[in-house]
Structures are given as structure tokens and as C-alpha cells.
Amino acid sequence: MINITLPDGSIRHYEAPVTGLDIARSISEGLARNVLAAKVNGVVWDATRVISSDASVKLLTWDDEEGKATMWHSSAHLMAEAVEALYPGAKFGIGPDIENGFYYDIDLGDRVISSDDFEKIEQKMLDLAREKHPYYRREIPKADAISHFATKGDEYKLELLEELQDGEITFYESGHFTDLCRGPHLPDTSPIKAVKILSVAGAYWRGDEKRKMLTRLYGITFPKQKELTDYLTLLEEAKKRDHRKLGRELDLFIFSQQVGQGLPLWLPKGAQLRERLEQFLKKLQRQAGYLPVITPHIGNVDLYKTSGHFAKYGADSFRPILTPQEGEAFMLKPMNCPHHCEIYRSRYHSYKDLPLRYAEFGTVYRYEQSGELHGLTRVRGFTQDDAHIFCTPDQVKDEFKNVMDIILYIFKALKFQDFETQISLRDKNDHEKYIGSDENWDKAERAIIEAVEEKGLKSVIAHGEAAFYGPKLDFMVRDAIGRKWQLGTIQVDYNLPERFELEYIGSDNLQHRPVMIHRAPFGSMERFVAVLIEHCAGNFPLWLTPEQVIILPISEKYHEYAEKVLKLLNNSEIRAQIDYRSEKAGRKIRDAELRKIPFMLVVGEKEAESGTVSVRKHGEGDLGAMTPEKFAGVVSDEIAVLLDV
RNA sequence: GCCGUUGUAGCUCAGGGGUAGAGCACUUCCUUGGUAAGGAAGAGGUCAUGAGUUCAAUUCUCAUCAACGGCUCCA
């Protein structure tokens, strides 16, 4: 007798060992048809795997993340089978499920797969799926596994096998494809009804740039054709939010090959947007006790030797600039912190001065590999909303929390609700990668973890992701197509104060070393604006948007009245313009809607006579007529609401 | 940097061994209008750059540059 506890707490009794599929059948045929895998005592298993003792079981379907993952993992095998059939002799690396679909890394020898080949692979997958091949799980001795792949000549699987212990090796077989795999998998291929190969890319074997580059095929599958269609529509919609596309359409920024790759040119509207963000943060920083500083765009190489940046990144930086006479070497500023350290060092400090918070919108230049550049999110010249807080060790946690408050306020004001936070700690086994003592690292890591806990923020801990000089807390936000970008960052640093021999005189009249906190709530203006564009699809909050209002005269006869309205609005600090073109109202409205201008004011005979404006709101439509004064009130009210968070 | 794809007008794209096309945008003219595109005419391109093949290259080959999708990297 076996007792199976289901998620609702009910217990079902079975005479003999059962599989997840058996349990599903005993509940309903419909469930049995939909079950993709079974979670047995918290571990995802094949639905066909025998459960021989009492267990709690959750049957997984397409509605469960783990059900989807199982389906996609099985789909990766299906794709591999199709590729093997179409490209005999292909060798296979790894093929996991991912957030949206799956991929498989394949060594095709001299052959190349391009997007033209996707259709035939999709078709082959569908043909194979229809044959309803079961996925068989087999436990296999290591020696047999090795001989299988040695015969096949697949060195990648052999390498993976080297790391596995005898007794924990399983093979999965479906159709003509056998793979070294931990599983779990679908009962058979039949749930895979809709297939799309999404893209092909190169990927280094085991993520190591020194090793061979394999062909990585990305795909996704669904149990229904409609879900695939919906997913593809979603992708199309996301593309419309792409900041590179909107940046051009809304005249925010451009790139020029003449100027150089990764060097954005901010157009007037983009510059206004960015300046407004800067002013917003500057105000917050004034209130929080930050002091502005300004430092040059270049710094002597020795400065970066002192900071340690030169040793770490010198080889991967823009080459130093030399003076013609003296032969001095200057680097384009890759970081603001060394400059700020020099400012701190320029005079004696008492503990009474601390914390000292130096803030600067500092433009830095970093050589990023050409393949890395991406719109405004990854550039070679960018402006950090940087600040460095010099404080006593006791002040670290409070200062850290104050910075978190600023970041959280900004995210709230801009409606970034679904951000993630990541605590990046060092890899304790890798001493090469970091500078500074273990003791200081421990102190800094503890301070961050505690501050995050005390703020009640949910976060993930990433070991080995710390900067070389200290641990950090990053705020990550996703772009339109789900890629994660780091925006705000707070980093504790015990190392630069050491390297620059920074000091303060304590109440004991002895010299002490301050702690430094690097922080940038936006991260970089470029990346932040990029993510903001995608986040709001170009419909910026009223207080930020470069053009708040456009006045649309019905005909030339009302230009004079339009100008009167404009003057009034400008006096109320509202950013408005007049569309003087000799176009019909419908046309002017359409263009203003496409430009995503929040308010349109239609003025014609009626309005001129009654001293009103007809207000139309972007995306909503006609709000009716009101006096310009009342409209100005509407605008300032809306801004007040947006900023009251 | 690596793998793959792409590069034709400001933008979106069609075309194709015999020195180029559309729509939108732009300019001018007509039109003076009421909540998502009024009409006409015009101007605009060394077909990314450089070599090669050819009687002839924007088209084919190669290289370079850049963009795009990934990988690696990211102070």
C-alpha cells in the first residue's frame, strides 16, 4: 500500500507502486492528458517514473513553471533529434530549458545553420513530435556511457561524463536520439504541438572564450498553436518598445559612425529629458546632504595605478593620451572615484566632518568590446550619477540605507515596480580576482546583507559577482524583451581608502581610515534613459517628457489666439509648442499622438471666442473645453500626483 | 574580441551583371479645415567602404567598417 499526498492535502491510496501518470489517470483522463511531469517530495520527476513508497506528489502541467520547463527541456532533445537527422554527425554540447524556451549547443563541423534553415528544422521537429515517441529514462554505468559517446565520437558529452560519478548517470532516449541527461522529461513528444526556432548564435563551449565556439540554436514550443502565435505577437510588441527604435522616432538620440561606435549623441529632446532626470536627482541629493564636485575627463595614469584600476583594466582600456613635450600619460576617466579620493585627501578631516558625500554627474569612457555595444544600455562613453560617501565604519550601514531610500524613491516615482536586487559577493576561493583583506571583505559583505534585511528588500545573493574592490548591491530592471540590466548600484569599498591612504582624526585624536561607499541610483544616464524608454514605451511621465503640450490651431486664423495660450502656459512653466502647419486638425492630432505628446490643445473659433482650449489627452481622447488657466492647473496637479510617492 | 545575419533616399523597405524604385518624412504651391493621414508638383542615393572577377559590378568574390542576435567581458 502506497499513500500519495496531493497538494490539497488529500491522501490517495494505491495497492502497488505508481507513476505520476497513473495518479493523474486515477483522478481524471483530462488531467492525465495534460500532465507533463510530477513533483515528488519536492523534486521534479518524469511523470512515468515509478514511485514506490509514500510521497507527496504534485502533478505538473503547462500551467506550472516546472511543467513548462520540462516540456522545453524535452523540446531541446526533440530539436537535437531533428538536427541530428538533418545534419548527420552533429555533436551536442548542452541543451537546457531557459526562461522562454530552450537552446542546444551543437558542433556542426564545417556546416552552418542560418535562419533560412529554421523552417525545415521546425517541420522535422513537428513530424517527430507527431510520432509520439516516449522519453525513456535509463540508469547507466559510467563505463557504458563513455563507450556510447566514444563510439559516437562526441567529445563534448565525454567531457561532461568526466565530471559525473558512476551510479548517477542517466540516459534519456526518445525516437532515434539518446542523450546524457539528468531529466526529467515528458512522458512522450505528443504535447509539443507548436514549434519555433527563434535564433541561432555562437556560444563558447562551457562559456569559455578560449574554447571552441559551438552553434547555439534557440527555440520555443507550445502545446497549442495559438499560444505560439500569441508569444510571437508579444515579441513583436516588445520590439516596438525598443529604446533604439523609439530613440530615433522620438528624436532623443542617435549614433554616428563618424563620431564612433558606442558614443551616443543626445538630441535636444533627449538632452532635455536627461537634464530633467539629473535635476530631479540633484534635488534629492541636496536634501540628503550631498555636496557637488566636478572633476576632469582625464587623469594621470599614476592616479589609476594608485587606485588599482590600471593594473586591473589598463590593458583593456582606451590607450593613454600622451603630452607632446613632457611625455606624461593620461587616461580617459574610466571611474570618478580616484578623483574624488584626491578631493578627500586634499585636506585633513575630523570625524565630525563625516559622512562626507561628494556627488558628480561624471562622464566616463570605457573600452567595451565592439560586440558588446548595445544602444544606450552598453556604450563607451557615459555619464554616471556618481557619488562617493566617505564615512566611519559605524556609519556604513546607515549611509547604505539612506542610499537605498533614494534609489527606492526614484524607482517608485518612475513606476519601476518589478525590479530585482542582487547582492554581489566575492568568490571566496578566488583570491586573484579581488584586492583587499578577507577581514574587510567580510565586514563589507555583512553590512550590505544587514542593510538589505533591515529594509525588508527581497534579493538574490550572487557569489563571485562582486567588483574587484568590494561587494555591492545592484538594482536590476528588465528591458522590453526581458533582458536584465543593472541600474542603481551601491558598493562598499574598504580598499580605495587604503590605497589612497585616506584618513580622518577620530574623537580619540588618532588617525583612522574612512570607508567609502560608491553609489549611482540611475547607474548611468544612458542606460537609465534606455530602460525608462522601454518601461514606459516612450510615454514619459508628464514631469519628464520634453514636450508636455502641443497647441493645434484649427486654421491660420487662430494662430494669434494660440500664441496667447502658449504665453500663458509658458508663464506657468509648462512646456508647450504650437503646430503652425497648414494641415487639418485630424492630421495635427495624429502626428501629436504619434509623437506621444501628453496633451493636445485644439483651438479654433469656439475657443477663441470663449477664451478656452479644447483638451485632448494622449491615448485617451477629448477631455472637453476649459480655460487655459484651469488646464495649467490640471497639468500641475497631475505632476504633483506623479511625484508624490 | 568570437560565431551568425544584415548594410539600397532622413525613416521603413522592394529590386537586381547593362550606371536605381515605393511609401512616409522634406521643399514649393493649392487648400483654412473641428479630434488619428486634404491635393499637386519637386528635390533627394558613388546602392556602407576598398580591392578583385567582367566589355560592364549597386548586384558576383574577398577584405574592411558598422548595425542586429547571441557568447565571453563589464571598474
Side-chain angles (χ1 to χ4, degrees), chain A residues 103 105 108 112-117 198-218 239 242 244-245 248-249 251 254-258 260-262 304 307-314 316-317 333-338 364 366-375 377-380 384 386 435 465-470 472 481 483 485-486 489 491 493 495-496 518 527 552-559 581-594 600-607 614-625:
Chain A
Y103 67 79
D105 284 346
L108 293 158
V112 170
I113 289 182
S114 80
S115 49
D116 298 339
D117 305 312
L198 294 167
S199 64
V200 58
Y204 299 110
W205 170 233
R206 314 221 80 180
D208 183 344
E209 62 180 323
K210 290 180 192 70
R211 307 197 64 179
K212 184 161 182 179
M213 180 156 277
L214 307 179
T215 301
R216 176 171 296 181
L217 270 185
Y218 287 88
K239 272 191 199 157
D242 191 314
R244 293 165 298 184
K245 183 175 156 67
R248 204 173 34 238
E249 287 173 0
D251 296 322
I254 52 159
F255 288 89
S256 148
Q257 230 185 95
Q258 281 288 338
Q261 54 177 166
Y304 302 103
S307 72
H309 290 106
F310 189 80
K312 188 81 186 169
Y313 293 102
D316 299 317
S317 297
K333 179 164 74 175
M335 291 286 287
N336 301 302
C337 34
V364 296
R366 296 178 184 175
Y367 170 75
E368 302 284 0
Q369 301 186 106
S370 57
E372 283 314 322
L373 301 171
H374 182 95
T377 51
R378 194 79 186 268
V379 287
R380 284 179 170 170
Q384 296 178 315
D386 212 357
I435 57 179
E465 291 293 312
F468 73 92
Y469 52 74
K472 56 181 181 170
I481 51 177
R483 283 182 286 221
W485 295 99
Q486 175 217 306
T489 182
Q491 315 182 352
D493 185 352
N495 295 306
L496 277 186
H518 310 241
R527 181 176 289 177
L552 311 178
I554 292 290
S555 83
E556 277 170 25
K557 284 182 258 175
Y558 312 107
H559 282 184
R581 296 175 304 164
S582 67
E583 294 289 349
K584 291 192 186 180
R587 177 51 181 273
K588 292 184 180 179
I589 286 168
R590 178 185 151 80
D591 290 345
E593 289 280 352
L594 291 176
M600 289 148 269
L601 301 183
V602 180
V603 295
E605 189 178 358
K606 268 188 317 204
E607 292 78 10
S614 285
V615 181
R616 180 188 165 101
K617 195 165 184 184
H618 170 77
E620 290 181 27
D622 200 345
L623 300 186

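Below, chains carry the letters A, B, ... as their sequence lines are ordered, and counting in each starts from 1.
Between B:rC73 and B:rC3, the two C1' atoms lie 16 Å apart (nearest whole Å). Spacing of C1' atoms, B:rG23 relative to B:rU19, comes out at 25 Å, to the nearest Å. The separation of B:rA40 from B:rU64, taken at their C1' atoms, amounts to 46 Å, rounded to a whole angstrom. Here, B:rU59 and B:rA20 have their C1' atoms 11 Å apart, quoted to the whole Å. Spacing between B:rA37 and B:rC24 at atom C1', rounded to whole Å, works out to 10 Å. Remark: the separation of the P atoms in B:rC68 and B:rC13 is 14 Å, to the nearest Å. Distance check on atom P: B:rU46 versus B:rU8 gives 13 Å, rounded to whole Å. Rounded to the nearest Å, the gap between the P atom of B:rC29 and that of B:rA36 is 29 Å.
Rounding to the nearest 0.5 Å places CG of A:Asn495 at 11.5 Å from SG of A:Cys337. Within the model, atoms OG1 of A:Thr215 and CD1 of A:Ile113 stand 6.5 Å from one another, a figure rounded to the nearest 0.5 Å.
Across the protein-nucleic acid pair, A:Arg581 atom CZ and B:rG33 atom P stand 17 Å apart, rounded to whole Å. One atom, CZ of A:Arg587, and another, P of B:rU31, lie 19 Å apart when rounded to the nearest Å. The separation between A:Arg590 atom CZ and B:rG34 atom P is 18 Å, rounded to whole Å. Between the P atom of B:rA75 and the CG atom of A:Asn495 lies a distance of 14 Å, rounded to the nearest Å. Protein atom OH of A:Tyr313 is 7 Å distant from nucleotide atom C1' of B:rC74, rounded to whole Å. We find that NZ of A:Lys210 is positioned 17 Å from C1' of B:rC3, with the value rounded to whole Å. In this structure, CE of A:Met600 is placed 15 Å from C1' of B:rA37, rounded to the nearest angstrom. Atom pair A:Asp316:CG and B:rG1:C1' shows a separation of 10 Å (rounding to whole Å applied).
Across all non-hydrogen atoms, the minimal contact from A:Phe255 to A:Gly375 is CZ-O, 3.2 Å.
No side-chain donor-acceptor contact under 3.5 Å links A:Gln261 and A:Ser370.
Residue-level contact check: A:Glu249 touches neither bases nor backbone, having no heavy atom under 4.0 Å from any strand. Residue-level contact check: A:Lys606 touches the bases, meaning some heavy atom is under 4.0 Å from a base atom. Nucleic acid contact for A:Lys557: sugar-phosphate only, since backbone atoms but no base atoms lie under 4.0 Å from a heavy atom of the residue. At a threshold of 4.0 angstrom between heavy atoms, the contacts of A:Ser614 include nucleobase atoms, whether or not backbone atoms are also involved. Using a 4.0 Å heavy-atom criterion, one finds that A:Glu607 contacts the bases of the nucleic acid, with or without backbone contacts as well. Across all strands, A:Gln486 comes closer than 4.0 Å to no nucleic acid atom at all (heavy-atom distances).
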Self-check item: Worked verdict on A:His309 versus A:Ser317 for side chain to side chain contact (heavy atoms under 4.5 Å, CB included)
Solution: CA-CA 10 Å; A:His309 290 106; A:Ser317 297; over 6 Å; no
Exercise. Dump the intermediate steps for side chain to side chain contact (heavy atoms under 4.5 Å, CB included) on A:Val603 and A:Leu552, then the final yes or no.
Key: CA-CA 6 Å; A:Val603 295; A:Leu552 311 178; over 6 Å; no
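Using a 4.5 Å cut-off on side-chain heavy atoms (C-beta onward), A:Lys588 and A:Pro553 make contact. Using a 4.5 Å heavy-atom cutoff, the side chains of A:Met335 and A:Arg366 are in contact. The side-chain heavy atoms of A:Glu593 and A:Met600, taken from C-beta on, include a pair separated by under 4.5 Å.
The base of B:rC74 lies outside donor-acceptor range of the side chain of A:Arg366, with no N or O pair under 3.5 Å. Counting distance only, with no hydrogens placed and no angle test, the side-chain atoms of A:Ser582 and the base atoms of B:rU32 include no donor-acceptor pair under 3.5 Å.
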Can you tabulate the close N/O pairs, meaning under 3.5 Å, that link protein atoms to atoms of nucleotides 10-12 of chain B?
| residue | atom | partner | partner atom | Å |
| --- | --- | --- | --- | --- |
| B:rU12 | OP1 | A:Arg248 | NH2 | 2.9 |

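Across all strands shown, B:rU54 has no partner, as no Watson-Crick or G-U wobble contact with both distances under 3.5 Å is found. Partner assigned to B:rG21 is B:rC13, using Watson-Crick or G-U wobble distances below 3.5 angstrom. Across all strands shown, B:rG69 forms a Watson-Crick or G-U wobble pair, both distances under 3.5 Å, with B:rC3. For B:rU59, there is no paired base (Watson-Crick or G-U wobble, both distances below 3.5 Å). Nucleotide B:rU27 is matched to B:rA41 when pairs are restricted to Watson-Crick or G-U wobble geometry with both distances under 3.5 angstrom.
By the side-chain contact (heavy atoms from CB on, under 4.5 Å) test, A:Asp116 is found to be paired with A:Ser114, residues two or more places apart in sequence or in another chain being considered.
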Exercise. Go along nucleotides 63-71 of chain B 5' to 3' and tag each nucleotide: B for a protein heavy atom under 4.0 Å from its base, S when only backbone or sugar atoms are that close, - otherwise.
Key: --SSSSBBB
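Between A:Tyr469 and B:rA75, no base-stacking contact is recorded for ring centres under 5.5 Å apart and planes less than 30° from parallel.
Between A:Asp208 and A:Arg206 there is no salt bridge, since no side-chain N of the basic residue sits under 4.0 Å from a carboxylate O of the acidic one.
Not one side-chain nitrogen or oxygen of A:Arg378 sits closer than 4.0 Å to the OP1 or OP2 atom of B:rC74.
Using a 30° and 60° split on the angle between ring planes, A:His374 and A:Trp485 fall in the tilted class, from 30° to 60°.
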